[in-house]
Amino acid sequence: MTVRVSNQSINHSPPAMYTAINPFDDDDHNLRPMNPPTTTTLSHPQTRRKMGIGTRVWLVVSPTGRHLEEAGKHSIMKRTGLPARDLRVLDPVLSYPSTILGRERAIVVNLEHVRVIVTAKEVLIVALNNPLVVEFVDDLQMRVSGSGTNGVEKQAAENMEMDLAENMEADSMKYSSLTRSLRFSGSLEVMNAENNSTKRRQNEQLGASPKLLPFEFRALEACLESACRCLDSETQTLELEAYPALDELTSQISTLNLERVRQIKSRLVAISGRVQKMRDELEHLLDDDNDMAEMYLTEKLSSQSMDSTPNGEDTHSNASDDDRAESKSERGSKIFSSSKPNIEELEMLLEAYFVQIDGILQKLNTMSEYVDDTEDCINIMLDDKQNQLLQMGVMLSTAILIMNAGIVVVGIFGMNIHIPLFDGKPIQFWSATMGTVGACVVLYLFAYGWGKKKSLFG
């Protein structure tokens, strides 16, 4: 059988499809049309699924700007040098604890809503429709582009340079006057000591000038600050809800208040676990110097570029032995510094946020202790109520026991047996009745007094 398709059905233009563009651009248009399909054949679901395997939208942030890119898993692995298991940490579908991994060419950061790959030149972010991610991207862009706090650092550097210039001028004048005074005395040792102290002071002032952090550390600082800000905000919100609810439960125990406290305790346990995971990760990094040394991506990139370029001193035939010895000493110092890397900058950065996350954990622990104290107070109150009910039960049981004794007397008199007592006057009936009731009351009072003496009743 042959199926014919008319030209009208083939030339019919399909409806235009739209796809979302970069949500972080400043353009007013949020949609752009895609090219319509060029064939009328319907693609099978398996074919469409194969085209999208491993492809994900990444937001690339660099000092020059930001843009969206569609890249597959293998291209990201080739671009950053990361294995597949490290990329799996950034999968939004999977749930991984807080992780900071330092690799040869990149740093993998998974902290709360922050799921990024930091390299020496750019940051790759998993594009998610989350307001916290948008705020994090804005902060990250401000940090890596050189704006924000860098202006303060530049101003401080300029002030430091002006002070240094003034000190150098004063020291030079002092040095010249000292030279003229000691020209004929021959006290060169004093002059050399003064010169060395001046140079040492200048070097200290140069070393005290503010130093700009590398790109990867600025990006890591933005990640840590965003995660700490998120956890701190959730902790403050929980505090505003927890303490009034706990106080209300203490004053009035009800099903509604107990349900509210149960939900608050569940949220408290969840947030405490997340904060504890992040604190453990930072503590692990601070304890391991090698992991921190792996995060110096800019230094590793510069050292690799220096190793790849040929040494120009070797091409000159008239190089002196002193220069060669100096180059050898420099190589030795580099090797020594590579074996024991200087991780002071990263250590200070991680310690600052470790103290902050430890403070958040202390707040949560204080709240948890308050919840436990409230729970103990509620249990004490419930135990007291239970003790009161038990005392009332003992009193009722004692009264019932004594009433049963009176019922026994009534039952004896109610037997259908003729005795001479039944032939008496009515006054005898009332005497027997009042005597039985009076005996029951006396027995109850006696039992109650004995219970008070034995501390059975409150």
Side-chain angles (χ1 to χ4, degrees), residues 19-25 32 49-94 96 98-130 133-134 136-146 213-224 226-227 281 285 290-309 338 341 346:
T19 181
I21 65 173
N22 187 356
F24 306 102
D25 290 340
R32 62 181 180 188
R49 193 179 299 112
K50 289 180 180 180
M51 292 175 61
I53 289 178
T55 303
R56 182 178 296 170
V57 179
W58 297 84
L59 178 63
V60 182
V61 179
S62 62
T64 58
R66 54 191 175 189
H67 60 278
L68 287 176
E69 287 187 9
E70 291 186 1
K73 180 176 66 175
H74 296 285
S75 62
I76 294 296
M77 292 169 59
K78 183 178 180 181
R79 186 174 181 176
T80 59
L82 295 174
R85 69 174 182 272
D86 292 341
L87 291 180
R88 204 173 294 116
V89 175
L90 303 176
D91 194 349
V93 180
L94 302 178
Y96 278 89
S98 297
T99 307
I100 301 177
L101 302 176
R103 295 296 183 254
E104 183 66 24
R105 293 163 49 193
I107 301 174
V108 180
V109 181
N110 179 20
L111 299 175
E112 297 299 318
H113 58 278
V114 180
R115 298 172 183 262
V116 301
I117 300 176
V118 181
T119 63
K121 297 181 179 179
E122 60 185 7
V123 180
L124 303 177
I125 305 173
V126 179
L128 295 176
N129 296 327
N130 191 346
V133 176
V134 178
F136 161 69
V137 171
D138 293 337
D139 186 20
L140 177 63
Q141 183 66 56
M142 183 181 64
R143 288 177 181 272
V144 301
S145 61
L213 291 175
F215 175 84
E216 63 271 14
F217 292 167
R218 283 178 285 164
L220 180 61
E221 184 179 6
C223 298
L224 292 172
S226 180
E281 185 65 23
L285 286 176
N290 294 325
D291 289 346
M292 286 191 288
E294 287 291 332
M295 296 184 182
Y296 281 79
L297 305 179
T298 303
E299 291 187 2
K300 289 191 290 186
L301 185 62
S302 60
S303 63
Q304 291 176 1
S305 61
M306 290 176 63
D307 293 339
S308 61
T309 56
S338 62
L346 182 57

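The analysis underlying the following values was restricted to heavy atoms, covering all of them including side chains, and did not include hydrogens, waters or symmetry mates.
For the pair Leu101/Leu82, no side-chain contact is recorded, criterion being any heavy-atom separation below 4.5 Å from C-beta on. In this structure the side chain of Val109 reaches within 4.5 angstrom of the side chain of Leu220, judged on heavy atoms. In this structure, the side chains of Pro214 and Tyr296 stay at 4.5 Å or more apart for every pair of heavy atoms.
Not a single donor-acceptor pair under 3.5 Å links the side chain of Gln141 to the backbone N or O of Val61. Panel note: side chain Ser226, backbone Ala222; no donor-acceptor pair is recorded below 3.5 Å. Side-chain N or O atoms of Lys121 include none that pairs as donor or acceptor with a backbone N or O of Ser62 at under 3.5 Å. The backbone N or O of Ile100 sits less than 3.5 Å from a side-chain atom of Glu281, completing a donor-acceptor pair.
The two residues Ile117 and Ala106 have their closest heavy-atom pair at CG2-CB, 3.9 Å. Of all heavy-atom pairs spanning Ile76 and Trp58, the tightest one is CG1-NE1, 3.8 Å. Val126 approaches Leu90 most closely through the heavy-atom pair CG2-O, 3.9 Å. The minimum heavy-atom distance linking Pro63 with Val144 is given by the pair CB-O, 3.6 Å. Pairing each heavy atom of His113 with each of Phe136, the nearest pair is NE2-CB, 4.4 Å.
Taken to the nearest 0.5 Å, the CE atom of Met292 stands 8.5 Å off from the CE atom of Met295. With rounding to the nearest 0.5 Å, the separation of CG in Leu297 from CZ in Phe215 is 10.0 Å. Going from atom CG of Leu94 over to atom CZ of Arg88 covers 8.0 Å, rounded to the nearest 0.5 Å.
With respect to Arg56 and Asp91, a salt bridge is recorded, a charged nitrogen being found less than 4.0 Å from a carboxylate O.
Every pair passing side-chain hydrogen bond (donor to acceptor under 3.5 Å, both in side chains) that includes a residue from residues 77-86 is listed here, sequence neighbours excluded: Glu69-Arg79, Arg79-Glu122, Asp86-Arg103. Here salt bridge (Lys or Arg N to Asp or Glu O under 4.0 Å) pairs that include residues 104-115, with residues two or more places apart or in two chains, are Glu112-Arg274.
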Does the side chain to side chain contact (heavy atoms under 4.5 Å, CB included) test come out yes or no for Asp138 and Arg66, once each step is laid out? CA-CA 10 Å; Asp138 293 337; Arg66 54 191 175 189; 3.1 Å; yes
